[in-house]
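Each chain gets a letter, A, B and so on, in the order the sequences are listed, and its residues count up from 1.
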2 protein chains.
Amino acid sequence: MPLPETEVPGALQTALVSRGIRMTRQRRIILEIIETATQHLDAAQILRKAARVDPNINRVTIYRTLGLLKRHGLVDELDLLHVKGEGHFYERRPQRDHMHMTCLRCGKVQEFESDLFDRVKGQVERDCHFHILLARFEIGGYCASCRK
Amino acid sequence: MPLPETEVPGALQTALVSRGIRMTRQRRIILEIIETATQHLDAAQILRKAARVDPNINRVTIYRTLGLLKRHGLVDELDLLHVKGEGHFYERRPQRDHMHMTCLRCGKVQEFESDLFDRVKGQVERDCHFHILLARFEIGGYCASCRK
DNA sequence: CTGCTTGACGCAAAGCGTTGCAACACCATT
DNA sequence: AATGGTGTTGCAACGCTTTGCGTCAAGCAG
């Protein structure tokens with residue numbers, strides 16, 4: 001995940017409120033966690049962090065809030081090809097789409113942006129008359145360190 | 001899924017046996033179902049079809065056989081961006097990778113091969129020194145019919 | 001500030017997929 | 001054709017995620 005978090009604090013909250021979504025104590029906690037995350041989190045990790053602020057927060061609320069953010073295109077869901085187990089991981093939707101490469105040996109996840117990647121999406125939009133809202137490109141294999 | 005099934009019958013079974021994998025009655029049934037499928041099947045559909053041949057076959061066996069085929073690179077697992085529910089879908093690994101575009105309105109799934117797509121993978125291999133074994137490119141949006 | 005409507009929360013239960021374990025079946029060897 | 005070792009199966013139980021439902025609280029109107 002891109003480390004420099006060059007974003008206005010509370011941007012997710014602002015985005016939801018501007019769409020007329022009701023803001024609750026629980027949602028504020030979850031959004032704050034996602035905004036300040038420096039790595040891909042899964043639902044259990046988000047729950048654990050949230051429980052430190054409000055021990056009564058329920059797992060179901062985590063899942064429902066993640067679903068809400070997904071539907072509004074504010075977070076992307078990854079499964080990293082199930083290399084790290086069956087769970088899903090979440091990240092704020094970035095300015096520009098990127099690919100995720102997961103090493104099948106060491107489990108490290110790299111991200112990669114590319115003009116070619118953007119051009120493939122352009123080709124799909126043109127050739128297939130398909131209006132893209134979501135693009136997930138996940139790659140599995142061996143990273144530079146592990147392929148030696 | 002590419003409709004013309006231009007493949008030797010029993011190719012999956014041959015591939016497994018040649019790798020020294022033990023062939024069982026249950027596996028033969030499951031492989032046959034996957035080979036003759038004309039659309040992406042999920043585990044429950046495979047189980048239902050298998051139960052018509054052997055009512056005692058267990059769902060765990062379905063999951064384990066799918067895991068085996070995945071590990072050997074003989075089938076690809078898709079989640080079609082969870083548009084059709086949380087389950088996973090399976091298809092035999094094709095000669096050439098393709099993208100999957102799922103319409104968020106009507107649920108239709110299209111496939112698309114592209115040189116650009118192949119070139120992105122080449123770029124990742126070169127620029128990131130990453131040895132690709134698996135590539136999944138899933139797109140969500142509105143198809144030509146639904147975007148009108 | 002108070003009341004009201006509607007959406008969100010928490011709980012319980014169900015669905016999908018995985019894991020541990022004992023019994024079984026494949027198949028190589030004899 | 002019988003035997004034996006090893007991998008596979010089925011069952012039960014568990015973990016992750018979603019769904020149904022009654023209660024509660026956000027935030028608009030007065």
Starting at atom [atom1] of [X], determine the distance to atom [atom2] of [N], rounded to an integer number of angstrom.
| X | N | atom1 | atom2 | result |
| --- | --- | --- | --- | --- |
| L68(A) | dG7(C) | CG | P | 13 Å |
| L47(B) | dG15(C) | CG | P | 14 Å |
| L80(B) | dC16(C) | CG | P | 16 Å |
| L78(B) | dC16(C) | CG | P | 18 Å |
| H88(A) | dC16(C) | NE2 | C1' | 11 Å |
| Y90(B) | dC16(C) | OH | P | 13 Å |

### Message
Do Q123(A) and S114(B) pair up side chain to side chain, a donor and an acceptor below 3.5 Å, judged on atom types alone?
### Response
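S114(B) and Q123(A) do have a side-chain donor-acceptor pair below 3.5 Å.
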
### Query
Do H40(A) and E91(A) have side-chain N/O donor and acceptor atoms under 3.5 Å apart?
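Present: a donor and an acceptor within the cut-off.
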
### Query
Any salt bridge between D115(A) and R96(A), counting N to O under 4.0 Å?
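Result for this pair is yes, salt bridge flagged.
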
### Task
Using a strict cut-off of less than 4.0 Å between a Lys/Arg side-chain nitrogen and an Asp/Glu carboxylate oxygen, indicate whether D54(B) and R25(B) qualify as a salt bridge.
yes

#### Entry: Polar side-chain atom of R147(B) near backbone of H129(A) as donor-acceptor pair, under 3.5 Å
yes

### L66(B) with V17(B), same ILVMFWY side-chain cluster at under 4.5 Å
yes

### Candidate pair I29(B) and K49(B), rule side-chain contact (heavy atoms from CB on, under 4.5 Å), full reasoning
CA-CA 9 Å; I29(B) 294 170; K49(B) 283 172 181 285; over 6 Å; no

### Message
Nearest heavy atom decides the nucleotide; on that basis, is A43(B) or R28(B) closer to the 5' end of DNA chain C?
### Response
A43(B)

### Identified salt bridge (Lys or Arg N to Asp or Glu O under 4.0 Å) partner of R136(A) from the options D76(A), D79(A), D97(A)
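Passing option: D79(A).
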
### Query
Considering only heavy atoms, which members of residues 54-62 of chain B lie under 4.0 Å from some atom of DNA chain D?
N56(B), I57(B), N58(B), R59(B), V60(B), T61(B)

### Query
Checking side-chain contact (heavy atoms from CB on, under 4.5 Å) for the pair V53(B)/I33(B): CA distance, chi angles, key distance, verdict?
CA-CA 10 Å; V53(B) 182; I33(B) 289 167; 5.6 Å; no

### Message
Of the listed nucleotides (dC11(C), dC27(C), dT18(C)), which one gets closest to any side-chain atom of M23(B)?
### Response
dC27(C)

### Message
Measuring to OP1 and OP2 of dG10(C), would you say a side-chain N or O of Q26(A) lies under 4.0 angstrom away?
### Response
yes

### Message
When you measure from the side-chain N and O atoms of Y63(B) to the phosphate of dG17(C), is any distance below 4.0 Å, counting only OP1 and OP2?
### Response
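Result: yes.
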
### Task
Anything under 4.0 Å to a heavy atom of chain B counts; send over the first and last such nucleotide of DNA chain D, read 5' to 3'.
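The contacted stretch runs from dG5(D) to dT18(D).
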
### Query
If you find the nucleotide of DNA chain D closest to G87(A) and the one closest to R27(B), which residue's nucleotide is nearer the 5' end?
R27(B)

### Task
On DNA chain D, check which nucleotide each of R64(A) and A44(A) is closest to and give me the residue with the more 5' one.
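The residue mapped nearer the 5' terminus is A44(A).
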
### Message
Angle between the two end axes of the helix from dC1(C)-dG30(D) to dT30(C)-dA1(D), five base pairs per end, rounded to 10 degrees?
### Response
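End axes: 30° apart.
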
### Query
Hey, would you say the F137(A) and F117(A) ring centroids sit under 6.0 Å apart?
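Yes: the rings meet the under 6.0 Å criterion.
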
